[in-house]
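Side chains included, hydrogens not; waters and symmetry mates left out as well; all remaining heavy atoms used.
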2 protein chains.
Amino acid sequence: MAVNPSKHLEVREKLAQAQKLDPRVEALVNQVIARVADKWTMIILDVLAEHGELRFTQLSKLVAGISQKMLTQTLRAMERDGLVIRTIHPVVPPKVEYRLTDLGLGLGAAFCGVWIWAEQNLNAIDQARKDYDTRAATTRHPNCL
Amino acid sequence: MAVNPSKHLEVREKLAQAQKLDPRVEALVNQVIARVADKWTMIILDVLAEHGELRFTQLSKLVAGISQKMLTQTLRAMERDGLVIRTIHPVVPPKVEYRLTDLGLGLGAAFCGVWIWAEQNLNAIDQARKDYDTRAATTRHPNCL
DNA sequence: CGGGATCCTTATGGATACTG
DNA sequence: CAGTATCCATAAGGATCCCG
């Protein structure tokens, strides 16, 4: 857990590569990130990557706390961005299935590193929060020391 | 750009590995993702990864459209999560510097893939949106055909 | 079943003014 | 300089009802 200066440079280099120093590209990338960096978008992306193809109701169950409104809304946005394909089967009762496009699959793969990081650093974050809160509590009354 | 079925499986496998099928871990990861999947958090993360150590005003300029309120708020949250270190130099005028922790650096590296993806697929997303909007416009009046 | 439309509450976030 | 505090507008999002 020691600070490794070369690690900093390594990461900085990677990120510099990622945007190739072009400010216009950077702005566009920021925009895309902002669009895609949505709680529900990422969770839906993950669920679809896991299960392959799902119906609306299946999704609503697998995504846990999502409301039907947000599910519809997010799926529409993802479809518009070319991340998912919406297939309507003209039967009764209606059957609509969602699956990732190659684009969506690629994004899922790209996010893979973040998921792994999140899993591996859950405890570290939890501990950091506790430490922060403790520090905040003690420094709030300096005169008590 | 042809659909490669093995690609699907590959991604699914990676994502399955990432959460090891434990539902509790999955829920926690979702929570972390939701916390970290914030527009400003990711952009600040990126800027700090690029520049190493920055003062408040420098950050506010580099992050572009951010308000001072959101900058403070996001930096505090990131500090609490153990992603950044806030160093206060007891001088006048005040000087406060922010830099990423190892944890933050790790997250930056994990997000690297997403940045690259975003950059590489900007045009694809743009095109997908245009297509979607065109389709929506034409299918809105089926009787015109 | 898969949503669309509506209402209503809460959260987000910008602008401004003030402070150590 | 680096914030905090406050006000206020808008957007996000949940609950509910309804329809093909």
Side-chain angles (χ1 to χ4, degrees), chain A residues 30-31 33-44 47-48 51 53-81 84-99 132 135-136 139-143, chain B residues 30-31 33-44 47-48 51 53-80 84-99 132 135-137 139-143:
Chain A
N30 282 353
Q31 194 184 324
I33 290 286
R35 166 62 260 288
V36 149
D38 172 66
K39 181 188 173 184
W40 296 130
T41 300
M42 289 202 300
I43 297 180
I44 291 174
V47 169
L48 282 176
H51 297 83
E53 189 157 28
L54 290 170
R55 301 180 60 174
F56 188 86
T57 320
Q58 292 179 304
L59 269 171
S60 69
K61 285 170 188 170
L62 286 168
V63 178
I66 198 169
S67 67
Q68 161 263 10
K69 179 181 176 179
M70 286 316 296
L71 182 55
T72 306
Q73 207 169 101
T74 310
L75 283 172
R76 287 288 180 283
M78 291 176 75
E79 188 193 358
R80 181 167 182 267
D81 288 343
V84 303
I85 295 275
R86 179 165 172 262
T87 312
I88 309 165
H89 299 89
V91 296
V92 284
K95 181 175 180 178
V96 180
E97 287 188 315
Y98 295 88
R99 65 178 172 85
Y132 182 91
R135 261 179 290 146
T139 56
R140 203 174 321 181
H141 309 294
N143 45 343
Chain B
N30 281 352
Q31 192 185 323
I33 291 287
R35 167 61 258 290
V36 149
D38 171 66
K39 179 188 172 186
W40 297 130
T41 299
M42 288 202 299
I43 296 180
I44 290 174
V47 170
L48 281 176
H51 296 82
E53 189 158 26
L54 291 170
R55 300 180 61 174
F56 187 85
T57 320
Q58 292 179 304
L59 270 170
S60 68
K61 285 170 187 169
L62 286 168
V63 178
I66 198 170
S67 68
Q68 157 263 24
K69 179 182 176 179
M70 288 315 296
L71 181 56
T72 305
Q73 207 171 98
T74 310
L75 282 172
R76 288 287 180 282
M78 291 176 76
E79 188 193 359
R80 181 167 182 266
V84 303
I85 297 275
R86 179 164 171 263
T87 312
I88 309 165
H89 299 89
V91 296
V92 285
K95 180 176 181 178
V96 180
E97 287 188 315
Y98 296 87
R99 65 180 173 83
Y132 182 90
R135 260 179 291 145
T139 56
R140 205 175 316 182
H141 308 293
N143 45 344

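Distance, E97(B) CD to dC1(D) P: 14 Å, rounded to whole Å. Per the geometry, CG belonging to L54(B) stands 15 Å off C1' belonging to dC1(D), to the nearest Å. The distance between atom CD1 of I88(A) and atom P of dG20(D), rounded to the nearest whole Å, is 17 Å. Taking atom CZ on R86(A) and atom C1' on dG3(C), their separation rounds to 8 Å, with Å as the unit. For the pair L59(B) CG and dG3(D) C1', the computed distance is 13 Å after rounding to whole Å. If you measure from atom NZ of K69(B) to atom P of dG3(D), you get 16 Å, rounded to the nearest angstrom. Atom CG in L71(A) sits about 10 Å away from atom C1' in dG3(C), given to the nearest Å. I66(B) has its CD1 atom 9 Å from the P atom of dG13(C), to the nearest Å.
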Exercise for review: I would like to know whether L75(A) and L59(A) meet side-chain contact (heavy atoms from CB on, under 4.5 Å); could you show each step before the answer?
Suggested key: CA-CA 10 Å; L75(A) 283 172; L59(A) 269 171; 3.9 Å; yes

Review point. Would T41(B) and M78(B) count as a side-chain contact (heavy atoms from CB on, under 4.5 Å) if you check the C-alpha gap in whole Å, the side-chain angles of each, and the deciding distance to 0.1 Å?
Key: CA-CA 7 Å; T41(B) 299; M78(B) 291 176 76; 4.1 Å; yes

Review point. side-chain contact (heavy atoms from CB on, under 4.5 Å) between E79(A) and Y132(B): does it pass, once the steps are laid out?
Key: CA-CA 8 Å; E79(A) 188 193 358; Y132(B) 182 90; 3.6 Å; yes

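Of the possible polar contacts, none joining the H89(A) side chain to the V96(A) backbone as a donor-acceptor pair under 3.5 Å is found.
Comparing dA2(D), dA5(C), dT16(C) by their closest approach to the side chain of Q68(A) singles out dA5(C). Looking at the side chain of M70(A), the nearest of the listed nucleotides dG3(D), dG3(C), dG14(D) is dG14(D). Among the nucleotides dC1(C), dG14(C), dA2(D), the one closest to the side chain of S67(B) is dG14(C).
Interface remark: the Q73(B) side chain does not form any donor-acceptor pair with the dT12(C) base, using a distance-only criterion of under 3.5 Å.
A close approach under 4.0 Å does occur between a side-chain nitrogen or oxygen of R76(A) and OP1 or OP2 of dG3(C). Put simply, R55(B) has a side-chain N or O that comes within less than 4.0 Å of OP1 or OP2 on dA2(D). Side-chain N/O atoms of T57(B) include one lying less than 4.0 angstrom from OP1 or OP2 on dA2(D). Dashed line: the shortest gap from a side-chain N or O of Y98(B) to OP1 or OP2 of dC1(D) is not under 4.0 Å.
Between P94(A) and W40(A), the residue anchored nearer the 5' end of DNA chain D, judged by the nucleotide with its closest heavy atom, is W40(A).
Here the rule is side chain to side chain contact (heavy atoms under 4.5 Å, CB included) with I43(A), and of T74(A), V63(A), I66(A), L62(A) only V63(A) fits it.
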